[in-house]
Amino acid sequence: TEAHVSRDVCFCCKTAVAVGPSGRVNVAWRHIFPESMRDIAMATSTDGGRTFGSLARVSEDRWQLSGCPDDGPAMAVDAGDAAHLVWPTLVNQAAPQKAIFYTSTGDGRSFAPRVRLSADDQEDAAHPQIAVDAAGNVAAVWDEQQGDTRRVVIRTSRAGSGHFEPPRVLNAEGSAFHPFVVGLQEGFLVAWPSGPAEN
């Protein structure tokens with residue numbers, strides 16, 4: 001049976017769904033807030049997805065855009081039922097940069113302060129994904145422009161540390177796009193399509 005989650009959803013950005021060990025259903029999306037602010041929102045269900053509570057704004061980024069950036073959030077849930085989210089947003093309006101940010105939440109209502117994962121001098125980071133392995137470690141991946149190519153970048157955080165290791169580039173040559181990451185028993189598997197930069 002279909003369940004209504006929210007109106008005013010940004011129509012091209014992907015939606016993220018993750019179910020925790022308690023059975024709580026978490027949904028995150030890019031929402032169209034007043035004045036066309038395209039920020040990330042989240043809602044949860046505690047009855048198996050039959051009904052959802054009101055939305056919570058994940059981060060007040062205030063990305064004002066009269067259109068869809070076609071790049072939404074990703075989410076993973078750990079064994080303690082905490083949800084981990086990554087998303088792209090625009091920063092530095094004077095010299096626009098598309099950056100990747102991370103946060104976590106235990107209840108889907110209150111969120112840890114956002115952490116920027118992409119480098120401060122990176123102008124075009126996009127398409128983030130996130131996973132948690134069986135040990136509770138977190139990995140975030142995305143693609144970004146480096147010279148004439150796009151690279152897949154990963155940052156990891158040990159369970160409970162609240163600290164991300166420095167970024168690492170995963171593809172040695174060519175361009176790579178839209179990476180995907182899966183948590184294993186210990187560690188992560190990352191895959192991506194690759195090809196000429198113009199594809």
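- Residues that satisfy the side-chain hydrogen bond (donor to acceptor under 3.5 Å, both in side chains) test with R57, not counting sequence neighbours, are D39.
- Scanning for side-chain hydrogen bond (donor to acceptor under 3.5 Å, both in side chains) contacts around S104 gives an empty result, with sequence neighbours left out.
- Take D78 and apply the side-chain contact (heavy atoms from CB on, under 4.5 Å) test, not counting sequence neighbours, and it matches A82, H84, V132.
- With hydrogens and angles disregarded, a donor-acceptor distance shorter than 3.5 Å links the side chain of Q97 to the backbone of D120.
- Residues V77 and P21 are in side-chain contact: their nearest non-hydrogen atoms beyond the backbone lie under 4.5 Å apart.
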Residue pair V25, V17: steps toward the side-chain contact (heavy atoms from CB on, under 4.5 Å) verdict: CA-CA 7 Å; V25 181; V17 180; 4.3 Å; yes
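- The shortest heavy-atom contact between C12 and D70 is O-OD1, 3.1 Å.
- Scanning for salt bridge (Lys or Arg N to Asp or Glu O under 4.0 Å) contacts around D71 gives K98, with sequence neighbours left out.
- Side-chain atoms of Q64 do not come within 3.5 Å of backbone N or O of S66 as any donor-acceptor pair.
- Under the salt bridge (Lys or Arg N to Asp or Glu O under 4.0 Å) criterion, the residue pairs touching residues 130-143 are D143-R150, with sequence neighbours excluded.
- You'll find the side chain of S59 reaches within 4.5 Å of the side chain of W87, heavy atoms only.
- Listed by chain and number, the residues in a side-chain hydrogen bond (donor to acceptor under 3.5 Å, both in side chains) with S6 amount to none (sequence neighbours excluded).
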For residues 162-170, which side-chain donor-acceptor pairs fall under 3.5 Å, sequence neighbours excluded?
none

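- Every residue two or more places apart in sequence or in another chain was checked for a ring-ring contact (aromatic ring centres under 6.0 Å, His included) with F111, and none qualifies.
- A donor-acceptor pair under 3.5 Å is formed between the side chain of R24 and the backbone N or O of D81.
- A distance-only check finds a donor-acceptor pair linking the side chain of R151 to the backbone of G174 [under 3.5 Å].
- Scanning both residues, I100 and A126, for their nearest heavy atoms gives CD1-N, 3.9 Å.
- Side-chain contact check for M42 versus N26: some heavy-atom pair is nearer than 4.5 Å.
- The closest donor-acceptor contact from the side chain of T105 to the backbone of A83 lies at 3.5 Å or more, if one exists at all.
- Few gaps surround CZ on R109; more than 12 heavy atoms of other groups in view lie less than 6.0 Å from it.
- You'll find the side chain of F101 stays beyond 4.5 Å of the side chain of I40, heavy atoms only.
- The side-chain hydrogen bond (donor to acceptor under 3.5 Å, both in side chains) check on Q146 picks up E144, with sequence neighbours excluded.
- Partners of F52 under the ring-ring contact (aromatic ring centres under 6.0 Å, His included) rule, at least two apart in sequence or in another chain, do not exist in this structure.
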Would you mind writing out the side-chain donor-acceptor pairs for residues 184-193 within the sub-3.5 Å range, not counting sequence neighbours?
none

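- Taking 4.5 Å as the limit, every side-chain heavy atom of E60 sits out of range of all side-chain heavy atoms of F33.
- In this structure, R116 and Q122 approach most closely via the heavy-atom pair NH2-O, 3.5 Å.
- Listed by chain and residue number, C10, C13, R30, W63, L65 satisfy the side-chain contact (heavy atoms from CB on, under 4.5 Å) test with P69 (two or more places apart in sequence, or in another chain).
- Scanning both residues, A125 and S118, for their nearest heavy atoms gives CB-CB, 3.8 Å.
- Of the possible donor and acceptor atoms, one in the side chain of S45 sits under 3.5 Å from a partner among the backbone N and O of T51.
- Put simply, the side chain of I130 does not reach to within 4.5 Å of the side chain of L85, judged on heavy atoms.
- A donor-acceptor pair under 3.5 Å links the side-chain atoms of R38 to the main chain of G67, judged by distance alone.
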